[in-house]
Asks: 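Here it is, the structure, as structure tokens.
Start at 1 and go down the list; that is how both ligands and their atoms are numbered.
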Amino acid sequence: MKIDVITLFPEIIRSVLEYGILNRAIDRQLLRVNLHQLRDFANDRHQTVDDYPYGGGAGMVLKPEPIFAAVHALNPGSETRIIFLTPQGKRLTQHCVETLSLESHLILICGRYKGIDERVRTKLVTDEISIGDYVLSGGEVAAQVLIDAISRVLPNAMNDYRSAQEDSFSQDLLDHPHYTRPVEFEDMRVPDVLLSGHHQNIEQWRYDQSVARTIQRRPDLIRQP
Ligand code: 9D3
């Protein structure tokens, strides 16, 4: 998969590419991420990328020409998904992540300021994605989230195959508690069942803990019949 990112702040996104599963996916050439500075596609000598909104009001709007030029320079094919990260987009879920992970080419457009010219949305953008109901300063952190989540579900991105399966299982249930040594820490003991070596009882305990936590903390995740 290739992901091209168009942004005024490529450096914000870069660090997330350098660690963990994402870094390994890039090393193994399962994923290529190219960061593109929007300002390089401005068409005037001041490299202007924003302008005042027609109709007035506070804040600036990203001009259409540099974004169109940047997208065209990336040679999108008919199968390329051109994704605008915006608070008005469809909420990102693990299901969306898995669907997007099957694509071969994504172009991510990160907004800044008040937003982008509407003609970018109507003519170029194929998908609009939000990462949740809170206000960020721009699309870069959302792009990091999306790239990180996609990298984890690419085939062979994980060393530990079991982890991936446990992750997909945990879409419906929250995680169970985890313990490691020592068996007693500040008067708190590891539950006996985890020390028993009885694999079936351990699985049952973990499942029960997951269900109880989910009901208590995230009842919205329990599917209504
Ligand atoms: C005019 C101020 N805003 C009304 C609340 C609009 C606004 C536009 C752009 C607010 C924030 C932003 C910057 N955010 C993103 O670009 C963004 C985002 C987010 O803020 N929350 C969740 N997902 C995303 S994806 C991109």
Asks: Asp208 and His176: side-chain donor and acceptor closer than 3.5 Å?
Replies: no
Asks: If we only consider heavy atoms of Ile129, is any one of them less than 4.0 Å away from an atom in ligand 1?
Replies: yes
Asks: What protein heavy atom sits nearest atom 21 (N) of ligand 1, and how far off is it?
Replies: Tyr134 O, 2.8 Å
Asks: Under a 3.5 Å distance rule, please check whether Ser101 uses its side chain to pair with a backbone N or O of Ile150 as donor and acceptor.
Replies: no
Asks: Could you check whether any side-chain N or O of Ser210 sits under 3.5 Å from a backbone N or O of Leu174, counting only pairs where one atom can act as donor and the other as acceptor?
Replies: yes
Asks: Scan the protein's non-hydrogen atoms and note whether one is under 4.0 Å from atom 18 (C) of ligand 1.
Replies: yes
Asks: Note the single closest protein heavy atom to atom 5 (C) of ligand 1, along with its residue, its atom name and the distance in Å.
Replies: Val135 CG2, 4.4 Å
Asks: Looking at atom 23 (N) of ligand 1, what's its closest protein heavy atom, distance included?
Replies: Ile131 N, 3.0 Å
Asks: Would you mind finding which of Glu140, Glu128, Lys114 brings a heavy atom closest to atom 1 (C) of ligand 1?
Replies: Lys114
Asks: Heavy-atom distances under 4.0 Å decide this one: backbone, side chain, both or neither, for Asp133 against ligand 1?
Replies: neither
Asks: What class does the angle between the rings of Tyr179 and Trp205 fall in, given that below 30° is parallel, 30 to 60° is tilted and above 60° is perpendicular?
Replies: tilted
Asks: Nearest heavy atom to atom 22 (C) of ligand 1: which of Gly138, Gly132, Gly59 does it belong to?
Replies: Gly132
Asks: Using a strict threshold of under 4.0 Å (side-chain N to carboxylate O), is an ion pair present between Arg91 and Asp133?
Replies: yes
Asks: Quick check on contacts: which atoms of ligand 1 are under 4.0 angstrom from a heavy atom of Gly139?
Replies: 15 (C), 16 (O), 26 (C)
Asks: Could any protein non-hydrogen atom be found less than 4.0 Å from atom 13 (C) of ligand 1?
Replies: yes
Asks: Is there a donor-acceptor contact under 3.5 Å linking the side chains of Glu140 and Thr7?
Replies: yes
Asks: Among His198, Glu203, Gln204, find the residue that satisfies the side chain to side chain contact (heavy atoms under 4.5 Å, CB included) test when tested with Gln200.
Replies: His198
Asks: Is there a donor-acceptor contact under 3.5 Å from the side chain of Arg213 to the main chain of Asp175?
Replies: yes
Asks: Counting distance only, does the side-chain N/O of Ser15 pair as donor-acceptor with the main-chain N or O of Glu11 below 3.5 Å?
Replies: no
Asks: Starting from atom 7 (C) of ligand 1, what is the nearest protein heavy atom, named by residue and atom, and what distance separates them?
Replies: Pro87 CG, 4.1 Å
Asks: Counting non-hydrogen protein atoms only, what is the nearest one to atom 11 (C) of ligand 1? Give residue, atom name and distance.
Replies: Leu136 O, 3.4 Å
Asks: Indicate yes or no: does an N/O atom of Ala142 lie under 3.5 Å from an N/O atom of ligand 1?
Replies: no
